[in-house]
Amino acid sequence: MRKTAPEIMYEAYECSQLLKLGVQIECIAAYDDNLLVGTKVGHLLMYSISSRYSDNKNEVHLLRYNKTFSKKPIQQLAVVQEHQLLISLTDNLVCVHDMAVINFPTIGTLPETKGATLFSVDIKRTVTISGEITVIVRMCVAVKRKLLLYYWKNGKFHSLTEELSMPDTPRALAWIKETICVGFKGDSVYMLYYLNRDPKIDDIQRPLFPPGNRAPSVLDMNDEIFILGRDNHSVFVNAKGDPASLKQLKWESVPRDLVYDEPYLVALSSEAVEIRTVEPPLIVQCHPLEDPKIVIRCRSGLLYVASNTYVWCLQNIAWNRQIHFLLEQKQFQLALKIANISDETPEDKSKNVHQIQTLYAYDLFNKKQFKESMEQFLILETDPYDVVKLFPNLLPPQARQKAQTDAVVKLDDIDLESGLIALIEYLTTVRTAKKAEKEKKDKEFAERDKRRKTGNLSIVEENQIEVENKKYDQFSKATEQLFQIIDTTLLKCYLQTNDAFVAPLLRLNHCHLGEAERMLKKHNKNSELIILYQTKGLHSKALELLQKQSTQPDSNLKGPERTILYLQNLGKENIELIFHFAQWVLAEYSLDGLSIFTEEIPEVEGLPRPKVLDYLLREHKELVIPYLEHVIHVWRDKTTILHDALVHQYREKAIALSKGEQRDKEKELRSKLLTFLQTSNNYSPENALVQFPYDSMFEERAVILGKLGKHEQVLSIYVMMLGDVKHAIEYCDQVYSAQKEGADEVYVLLIKMLISPPDSWLRGVSVSPATSKPDLETALNLLEENAGKINAAQALDVLPDTVPICRIHHFLATSLQKQLNERRRILVLKGLTYGENLQAKEQRMHYESHSIKMTELDVCSVCKKRFGNQSAFALYPDGAVVHFSCQDRHNAQ
């Protein structure tokens with residue numbers, strides 16, 4: 001066979017000749033240290049094979065020889081050691097023999113297998129809960145164009161399922177679990193047959209591909225994969241018929257026979273035995289032999305090869321010797337496979353596997369197979385710092401010189417980028433796993449802390465919790481250090497590969513400050529540097545950098561926007577810092593800068609508003625009104641000091657505008673002031689009143705006086721100063737509707753003022769000519785229109801005696817009717833109250849008519865204790881008597 005795979009020639013097996021027979025060998029079988037040989041003349045020979053490791057030779061002893069086993073050639077043999085069964089195919093008939101007896105007597109034959117060409121035995125060994133090993137034996141027999149299936153029970157084979165019809169005569173078959181693969185004579189394709197049909201599979205069979213210009217060949221590989229022959233290739237498919245993740249092997253000529261002995265695939269040619277590995281595909285060894293035809297596996301590391309007259313033994317070289325050679329040749333993948341199947345103790349095996357895997361990971365890195373290398377480091381759970389050391393340029397300067405000697409390969413720019421991408425994936429995976437582990441530990445710590453706080457723990461439990469908490473502290477510190485290494489390294493990787501990931505990484509807040517700061521400055525990443533400062537709590541440094549960058553024409557941080565956004569998110573604990581760095585923003589961008597204190601986010605809304613007001617009054621007085629308007633009208637703040645401040649600011653600005661002849665702006669501002677005075681209930685009218693002048697702003701003063709309930713003064717301003725009787729009447733309506741204090745006499749005050757205007761307190765004040773004289777007609781109209789709202793006695797007292805009765809007839813009638821209605825209401829209410837009183841007395845008499853006799857022997861039906869002389873008790877309708885303090889327990893029953 002031509003050697004198309006890479007060669008690493010070494011001794012995997014030792015080959016030694018065992019037998020030379022004078023008759024033609026047809027088949028062989030083996031188990032333990034026993035070899036069975038079936039011949040063309042029907043003889044069956046059984047040999048004992050013992051190894052002598054001292055001189056690498058085998059001792060062969062003939063144990064049994066049955067010349068009359070069969071009159072025809074023995075076509076095939078199989079051994080079921082657990083049941084001491086020998087299954088044979090002779091004269092195209094399957095028979096079962098007893099191996100416990102020296103001449104292999106026949107236990108039974110399967111007459112329905114007459115015409116059989118081959119069979120395959122499936123042996124399943126399982127361990128029960130009790131530790132016993134159960135063996136299930138099944139057999140598949142090819143008879144012309146059909147398959148017969150059997151299972152062994154109670155000393156014989158029974159039919160397993162109905163026979164399976166074949167498209168052609170089977171020439172090769174093997175099965176894996178519940179799938180049988182069949183190769184046929186002629187041009188038919190390989191077929192898979194499913195004994196337990198998968199609901200997702202429409203049929204019980206699946207065609208694959210033809211064997212090509214060769215006889216079909218089917219071999220199972222570790223009960224997982226079928227190895228099928230196709231021309232001069234070996235193809236690997238799984239039990240579902242899908243291609244396995246293994247490269248097909250190409251042979252120079254079609255192998256006569258194949259066997260798989262993990263990790264080796266052993267094939268026969270006309271002149272030799274060739275040993276290969278499947279993954280990686282390597283040619284390992286070639287033993288020249290004379291015309292070998294059959295190869296079988298007895299157990300791991302022990303094979304038998306037979307020609308027409310010779311039998312050879314292939315026995316594996318000690319695993320540790322093979323591993324040693326493979327490590328020298330840097331065939332780590334194959335060394336790992338061998339280490340995993342070696343017969344060492346679990347501890348030694350684990351240690352060796354870890355060592356080989358480590359060497360393999362570093363070798364992959366040397367070969368610049370970075371992704372595969374990182375996958376190995378993940379499996380090994382290697383310290384991430386050791387992995388980072390493979391990239392010396394990622395280490396801090398103080399550690400770089402020391403780690404320079406650890407570098408295993410020098411990376412150019414292209415290789416470095418590929419390596420960094422693989423490193424990023426590795427570190428991200430480690431970080432995710434470590435984060436999940438920390439969350440689990442945090443949860444366990446919280447549960448322990450909760451248990452400890454609830455108390456009722458024994459000393460042993462408390463000590464155990466203390467030990468676990470110490471371990472948790474150590475774990476937390478180590479994890480934090482690991483996160484710092486990972487995040488700082490990721491930062492450097494992102495800066496060299498994809499800087500779009502830098503900002504999200506920095507927000508995780510685990511990077512080493514000094515190293516991260518140095519790298520960001522080196523790459524001129526000012527925006528990301530600000531994020532670093534922010535996450536580390538270095539707000540002053542971040543804001544200083546923002547202020548400096550705001551004036552740089554080519555900076556992406558030019559202007560106040562980033563500073564405003566930064567200040568908005570600082571919160572009340574940094575209020576003085578906010579004031580300090582808001583100074584330059586408000587000085588240059590006052591309206592935009594005001595959003596530092598008015599943005600609709602929790603951090604801004606939570607700022608101490610009196611402090612903000614004080615700051616604006618001192619530094620930026622022109623922004624006080626916009627700030628207060630936002631706080632009061634948008635945020636609905638009801639703090640008196642803020643409402644008082646807005647009134648004061650409106651008043652001051654209105655007075656200033658009046659002096660500057662800015663009438664339109666003054667009018668607009670006074671309208672806002674008047675509306676605010678009317679609608680706000682949170683400013684202090686007393687404080688506001690003393691600030692307003694006596695010779696102007698009369699409407700505003702009237703509103704404040706109204707808040708204080710000074711109705712007479714309010715009406716005097718409207719009537720005497722402003723000459724606005726209509727507004728005075730509206731004020732009376734408002735007071736009466738709201739039923740404020742003095743609502744029953746407010747109309748009388750206005751009538752009195754209209755009939756006899758006061759003048760004693762108006763000296764020096766300009767009075768409206770229209771209202772300086774008595775206005776009896778307006779007063780009488782007001783009296784008539786609001787007759788139901790005015791006290792008749794008070795009104796008549798202020799009316800002049802000269803007013804005719806007919807003029808106030810409607811007022812008098814309405815007042816009288818109001819008095820009568822009130823009297824009727826009082827009488828009805830009196831009657832209802834009296835009736836309710838009688839009902840209460842009657843109910844009391846009813847309850848007092850019932851009595852209960854209690855003695856010192858009576859007990860509470862809840863607590864079962866006696867009633868003492870001073871006990872308060874409760875009697876229920878069902879006659880139950882309980883202590884007063886036991887009521888809740890009785891109600892819960």
Side-chain angles (χ1 to χ4, degrees), residues 29 31 76 78-82 87 117-127 133-142 146-152 157 160-161 163-164 166 170-184 188-211 215-230 233-249 255 257-267 277-279 295-300 303 337 340-341:
Y31 70 97
Q76 189 177 350
V79 175
V80 183
Q81 183 180 353
E82 288 82 358
I87 303 172
T117 53
L118 74 158
F119 67 87
S120 176
V121 178
D122 175 57
I123 302 175
K124 289 184 178 180
R125 298 174 177 89
T126 58
V127 180
I133 298 177
T134 60
V135 180
I136 299 175
V137 181
R138 300 184 297 179
M139 181 171 62
C140 175
V141 184
K146 59 184 178 181
L147 291 183
L148 304 180
L149 300 172
Y150 300 92
Y151 69 96
W152 178 263
F157 278 107
L160 180 64
T161 62
E163 63 183 38
L164 299 176
M166 301 288 106
R171 290 301 184 190
L173 63 85
W175 63 7
I176 293 176
K177 298 176 182 176
E178 303 303 315
T179 304
I180 298 177
C181 184
V182 184
F184 300 97
S188 301
V189 298
Y190 289 104
M191 297 287 291
L192 293 182
Y193 294 89
Y194 305 104
L195 301 184
N196 292 336
R197 188 165 70 92
D198 191 325
K200 296 180 181 178
I201 301 174
D202 295 331
D203 206 346
I204 64 170
Q205 62 186 39
R206 178 180 177 181
L208 298 179
F209 50 82
S217 170
V218 182
L219 176 68
D220 72 282
M221 176 179 169
N222 283 352
D223 207 24
E224 293 290 339
I225 294 173
F226 289 114
I227 305 177
L228 308 180
R230 184 176 187 179
H233 291 80
S234 289
V235 182
F236 303 89
V237 298
N238 60 26
K240 293 183 178 180
D242 300 323
S245 58
L246 298 171
K247 294 181 180 179
Q248 59 178 316
L249 298 182
D257 200 5
L258 283 172
V259 72
Y260 183 74
D261 183 31
E262 189 176 11
Y264 302 113
L265 186 61
V266 180
T277 57
V278 177
E279 189 179 26
V295 58
I296 64 167
R297 177 178 181 270
C298 179
R299 59 177 179 269
S300 177
L303 310 178
K337 287 181 177 293
N340 277 307
I341 63 173

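All values below were derived from every heavy atom in this structure, side-chain atoms included, with hydrogens, water molecules and symmetry-related copies excluded.
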Kindly indicate whether the side chain of [X], heavy atoms from C-beta on, has any atom under 4.5 Å from the side chain of [Y].
X	Y	result
T277	Y264	yes
V259	I296	no
M221	V278	yes
V235	F209	yes
C140	D122	no
R206	T179	no
L147	V141	no
R230	Q248	no

Mind listing the closest non-hydrogen atom pair of [X] and [Y] along with its distance?
X	Y	answer
I176	D223	CG2-O, 3.2 Å
L246	E279	CD2-OE1, 3.2 Å
K240	Y194	O-OH, 3.2 Å
R138	L195	NH1-CD1, 4.1 Å
A142	L173	CB-CD2, 4.0 Å
A244	I225	CB-CD1, 3.9 Å

Is there a donor-acceptor pair under 3.5 Å between the side chain of [X] and the backbone N or O of [Y]?
X	Y	result
Y260	R297	no
N222	E224	no
Q76	F119	yes
Y190	S217	yes
D257	V295	yes

Any chance you could lay out the side chain to side chain contact (heavy atoms under 4.5 Å, CB included) test for F236 and I227, step after step, and finish with the verdict?
CA-CA 5 Å; F236 303 89; I227 305 177; 3.7 Å; yes
From CA spacing to verdict: salt bridge (charged side-chain N to carboxylate O under 4.0 Å, His left out), K124, E178:
CA-CA 11 Å; K124 289 184 178 180; E178 303 303 315; 2.8 Å; yes
Heavy atoms from other residues, nucleotides or ligands near NZ of K247 exceed 12 (cutoff 6.0 Å)
no
If you round to the nearest 0.5 Å, how far is [atom2] of [Y] from [atom1] of [X]?
X	Y	atom1	atom2	answer
N196	I204	CG	CD1	11.5 Å
L219	L258	CG	CG	6.0 Å
Q205	L192	CD	CG	10.0 Å
F184	M166	CZ	CE	5.0 Å
I136	T126	CD1	OG1	5.5 Å
S120	L149	OG	CG	10.5 Å

The test is side chain to side chain contact (heavy atoms under 4.5 Å, CB included); show your working for I87 and F157 and say whether it passes.
CA-CA 11 Å; I87 303 172; F157 278 107; 3.8 Å; yes
